[in-house]
Structure formats: C-alpha cells, structure tokens
Amino acid sequence: MTEGANLGLVRRAQRGDHDAFDELVGEYGPGLYRLAVAVIGAGMAEDATQDAILRAWRELPTLRDPERFAPWARRILVNRCRDLARAERRGVRTIHLEPLGPSSLALVVPAPAPGIDRASDLAAAVERLGIDQRAVLALHYVLDLPIREVAATLEIPDGTAKSRLSAALAALRQALADREA
Amino acid sequence: MTSRLPSLENRLRSEWVEPTRAVPPHGLLDGVRRSARTTPQRPRRPATAGAVFGLAVALLLIAVVAFAWQAPRRVATSPMPGTLGVPSPGLASPISSDASLSPAPVSLVAGTVAEAVASFPFVDPLPVEAGQRVFVVEGPVDRAGTPSYLLQHWGDLEHGFRPDSDFAWIEAEVAERLLRPVTVTCPDDRPSLREVAALQVFERPLCFGDRSLAFGPVTMADYRIGAKTSSRWISDRDRPEVFTALPVYPEETALEIPEGTWVTVAGHFDDPSSAECGRASEVAWCGQRFMVTSIVPADAPDFVLKGTWRATRTPPIAGRAGHAVAWSGTEMIVWGGVESARDVRPFLPSNGAAFDPVANTWRKIPSAPIGGREHPVAVWTGDELLVWGGRAGSRVLADGAAYDPSADRWRALPPAPLVPDEETGVGGGRLPVGDWVGDRLVVVTSGGTASYDPATNRWMSLEPAPLRVGWRVAAVAAGRLVVIAFGDGATGEVEGAVLDPSTGAWNRIDVPLTTMDAGVEIAAGGDVVLVPVGGKALDPTTGAWADVARCGGAGDGAAWTGRYLLGITAAYDAETDACLDVPPSPPRSAPFDDSNGREFPVAIWTGKAYVTWSGGTGGDIVWVPNDGAVFRPAGDLDPRD
C-alpha cells in the first residue's frame, strides 16, 4: 500500500472545504517544493509548486482513492515540472555553461574548500539528467521513498521504476565521469 | 594509501543537499491557498448506476440496522474486549472489532458471498466497509474452541482495494451479526470484459464456474498492483484499471503477446489445478484466476485508427529534436535541431537530410549558410524550405535561409526588419513564431512582425502583434495566422491575436486557456485552429471558440490530413469530433523500457502516409534516437485525393 494521507482532511477538501485544503497545503506543500527544487531546479520550483497545488485543488474531487493523495499530488507536480521544462526548452535554456580548459581552470579558479567541489559536481551532474530521471532520483533519494512508492507516484510498474533508477544512476555516473575527464 | 570513496547512492543522500534543505519561499504556500479559494473545483464524477444501486442498498441496510438498534435487544460483547478474531498461522492477524451493536445473527454458508451491515476492522490497513462484500471461504470450523469463518475481502474503488485481496478468520458469532448473505447478480451468458472486471474477484468463479469465456478485441498491457496478481492484464481501452480490466494467467503465457497487440482471449475461471494450490485461502485465490486457453490476433476496435507502422531506413545524419521539417511533395526534408541536451554545450548541427517515403531512402543535403539551431520557424513555399529564427543556446536568432531541393542548394535570406530578441531568461520564452500565410512567410517576434516574399526576396514590416512576451505558439487556418502567448510570470494572462493578411491588421481574441497550458501545441485543422490538449477549436474568422473532444496525443508531431489531426499516439477526427488511438509506433532504442515516445518530434503528412523522424525521449531531450517511422492508415484519410 502507499503511504497514508490524512483521510479526513482529504475527504473534506474533496467536498470543497478550503480550511481542510489549507491544512493539506501546510502538510504537503514543503515536501512538494523540495521535490520541485530537485526535479526542475530552484529557479522554477516556485512556479511548479504553485501550479501543482492549484491543479491538485481543482482535480481533488476526481481523486478516487483519498489514501493516495500524497503520491497523486507528487505525480501532478512531476508532470507540471515536465510541462514547464518542455515549455522552457521552447523558450529558453536554463543552463548555458562555457567550460574552461584545464589550463585556464587552474589559473582562474581558486581551490575550493574540501567537500564543496564534490557536492557541486554532483549537483551539476544531476542537472544534466532528464526530468524523468531527476524525478526518480529525487523521489528515492531526496524524499526517501521506497521503490514501490516511486512507482506508485509515477504510475509505472515497480520494475520500470527500478530500471529508471538504474538508468538514472548510470547516466549520473557518466555525467560525473565526463566532468572529471 | 587507499581512499574509500562513498558510493554514488550515498553521495546522493549526503551531497545532493539543495533540495533537502529547500524551504518554500515566504508567502508561496499562503499565496496558493488564497488562489485555491478563488478557484473552482472540477465536479465529482457522476455516480454510475452501480454506485447508485450500492448507495440504495447501503441506505436500506442502514435502515435495517437502525430498526434493529431500536429493539430492546442486548448485543453480545466480546469475551476478550476488542478482540473477536482467532489467530491463523500464515494468514492475517486476528480481527478486532468494536462493532458492539448489530442485528440478529444469520448463518453463513461457505462458498457464498456476504455483505457487511456495518463497518468492521479487517487486515490492516483497510476495514470492511458497510455495504462491501466478502467471500465466505470456509466455516464455521472450530479454531481453538471457537467456531470461525475464513473470509476474503477485496474492496472497492470508493474506499480502496487490496491488490491481492486478503484473508482472515473471524469468530462465527461476530461474523453472523456483521454479515448478511447476498445473491450475486451475474452478467449475461456472454459477458463483456468490463462486466466481468466489475465483479468482485470472488464473484467471478461463482458466476461462470469453469465455463469458457472470450473477450476481444482486447490489448495486453503490463500492470502490476500486487505481489501475487499477474502483471499482465487484458484491457479494452487505455491503460488497465483494476475494475475495468482483468489479470490473466499463466503470466508467462500472457507475456509472450506484445504489449499493445489487439487479440481475442479465451479462458476460464475455476481451473481444476486450483485444488492443488494448498490451504483453503490459496485454493480460493487460485480458482479466481482467469486462465488463458487461447489468444488469437484480432482487428483493432473502432476507436483505434487502423493502419500499420514501419520503421524507416536510418538516415545519414544523427538523431535530434526541435528540428525543422517540411514536405516537398516527394520528400520529407529535415534540418537543424539539437543532437542532445546531455552535453553542457549542446551540438546544434547545420546539416540535414531528405527522405523519400516511397523508395524508403534518405539523402544528405548540404549544410546551410546559417548556424544550427533549435525550433526555427520552418515552412514549405511550394519550391523551397524556409527556416528562420530559432535558438542557439540561450541566444534567440533572427536570420534565415532557404533550401531548394531541385537544385540541392541553400541561399541565405536577406536581413529581416526585425530587432533580434534579447537573450532569453528563465521563464521568459521569446522565440519567434510564424507560418506560411497565403504566399508569404510571416514571423512574429517580441518586437515586431514581418513578412517575407520569396518571389521578390524581400521583407516587409507589418503591424506588431498586440501580444506581450511569453511562450508563443502559432498556426494558420482559414488563411489567417493565429498566435497565442502564454504569460511568463510578469504577464499572467493568456493572450491571442489573429492576423488577417489581406489587411495586415491584427485582431485580439479571447483565449480560454491558462498559463498552466503553456507548452501545449496548437495546430491547423482546416478552417479552425485546434488545441488538442484543451479540447478547443478556434474559428479565426470570428474569434469564436468551440469545445471539441480532448485529444492530447494528437498534438505531438501533429499533421493535418484534411480530416484528422494525426499525432504519434492519437488522432483527432474532425468529422466525428472524436479522439482515436493510433497504434503503437515501432519501439525506440532508448535506455528506458517504457520510453515516453517522442519529444519535439517532427512529422509530415504526405497525402497517403504520416512520417516522423527522431525526437527526444524520457521527458527531456536526453537521448535522441536516430529513428524514423511511417504510419500508413488502412483507409484513405485525405478527402482531397
């Protein structure tokens, strides 16, 4: 089974109770925002979170299983991130880096504090992954959801979630290797 | 000295800290709460006849219970407060119930169905709700000195269901007060798949025994809901759902049929092998499986656009997304695009190729005299492919070129009287849009509008579109150019305008879309502009919108056939206002086993066939397989032929 939600609140919100939905926003909003930061980046996380929560409110009466509110809301968020990324790719590219050659790198970049460079390397490598891969990594490693919950959130079979996670880790390893090369 | 580096998984947990530490900006959640208070909710689905019937039964039962409650009858309490069940090794934990009041006991019979007159706890996490049905598997039998029944519970859509159903023992005295025998209403002799799927799992063998049943046309689809239930389901449309589709066994046999294949499946419940499954609960569960005896190919149903796909030969250029495309009458010409977004500096080739769908051959075309780019405006003039604008990295471009396939030669276009847009920033898409309007290429930027006449090789300035910045989309219908601009944060509303080429004047129009629809495709659909995702159609001559069938899949790689807006996964039928499924296209060589199809694909309609090539996978342009496919509809889709 998927993780439980506050069924009473969800059912009240489904009937149009704004106070109940306000409480749900307080309970799940911060997690949704963290997920958005992981999936689409801090620059667009605010829009994605706001859109997803509003859409959740609008669609809430159609949610057939209130117990699945949390994965359902996360799925809306991931889908919204995907839409925004698609639209954003039509309009802009968020990452435009001009990598420096090794020699110039040595000249202009001061030695980073221990630990900082590794973390930023990892974050930069994550940014190079696709939305779906970032979503799988975020659900599993940022929100600490088990694979089954990841699968339930993305409405994919468990096996697919596992293979996506493997593919994402493989791509991340490659991205890290590319950066180190 | 050796160093012990943390694993990648540990690094993700310990070093990918920005999302973990992120907190919503001040006011974000309060703002969205305020917005929700002014946003209407979508109406709840109308109750089905079955649900109405169930409600009526529940109300009747409530009345019965209430009547019994009024009677001066003392109800038996548990000998152990709160614990009425008996433990069963290997089965569920004992059932506890606080249902202290109930009507007079009624005997239950093994192998029949009973309905709860009041809610009571069952195997966690779901209770048995009043009105729900259970299967009396066995009993009453003596268990540790207490007569007990073995019950099976599955659940329903309203309250939740148990993926593999659950079994538990319950004391006979309690069961006989909480449950009432019911007669199962079975479908006709030749039930549909949905009628069978709507039955409780334990009702199916009761209704049909081991009689052979056939369902078709149905598709095979992967759907995993539990550890025991088969992951292969038959479904009559869309993705399987628990109460509309049926898991089939043996799983290995069903897995041999490719997903998405239309077949007729014959089989039966109550297989003789069930008797060997073990304990009573296992025997019951085994008998409820639909055992397949034959699978034969079937024609696709009416809601599927009939036709066949074939893969094209591999072109002499790399795969890409966001590229330009045009149909010359004999060849699909592709140019530009981005080869992959995996790299920090995406490769933007300036080359292209042309595909002859009759001969199934590709030829490489010369590189253009302009730089490579994503999402240029691309039109076919009748003689040349014109490409203009687009984006290279974050730079918005304002130059273009023309390719003449008969001479296999490019020429650069003269400079347009348009100021190039500034570099784009996050959330502020400013890509030029445009189309072929009459006998001119018309392009719209943030700063102006201009038309290019290939006959004179000259540009002409037009009245700027009355639109603020935002993600723009454009299409031509009824000889007019329609542009829709979605807000970029600074401008919240969605704006639209229609250019009448005969006067050069723009007319603003209302647009029944929201900024949340940014990124949706619009497409020419004859005399109207279609928004397949939103289910809207615009008449550009009047500015009036009409509701049409939603058909999101028709917007991806859309091509107008004269009747259908044909996409890679769906087709909108303008004649019947219906959305049809398009059969699955050839599988892609992507790293995911359930590739998301094609992202930013390009496609053309030749008059006889739909041709697509490349496009990203995985929800973002990470992999761009170099693969093309041709869909040849079984019927003649083009009324002009």
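Small disclaimer: the values here were computed from a predicted structure and weren't measured.
With a 4.5 Å cut-off on non-hydrogen atoms, A/A36 does not touch chain B at all. When heavy atoms are compared at a cutoff of 4.5 Å, A/N79 does not approach chain B at all. In this structure, no portion of A/L143 lies under 4.5 Å from any heavy atom of chain B. For chain B, no part of A/A48 is nearby; none of its heavy atoms comes within less than 4.5 Å. For A/V25, the parts sitting under 4.5 Å from any heavy atom of chain B are the backbone and the side chain alike.
In this structure, a donor-acceptor pair under 3.5 Å is absent between the side chains of B/D222 and B/S231.
Taking the six-membered ring where tryptophan is involved, the planes of B/W154 and B/F243 are tilted, since the angle between them lies from 30° to 60°. Using a 30° and 60° split on the angle between ring planes, B/H153 and B/F122 fall in the perpendicular class, above 60°.
Counting only heavy atoms from C-beta outward, the side chains of A/W72 and A/L60 approach each other to under 4.5 Å.
Every residue two or more places apart in sequence or in another chain that forms a side chain to side chain donor-acceptor pair (under 3.5 Å) with B/R33 is listed here: B/D30.
Top candidate by heavy-atom pairs under 4.5 Å with chain B, chosen from A/P30, A/C81, A/G29, is A/P30.
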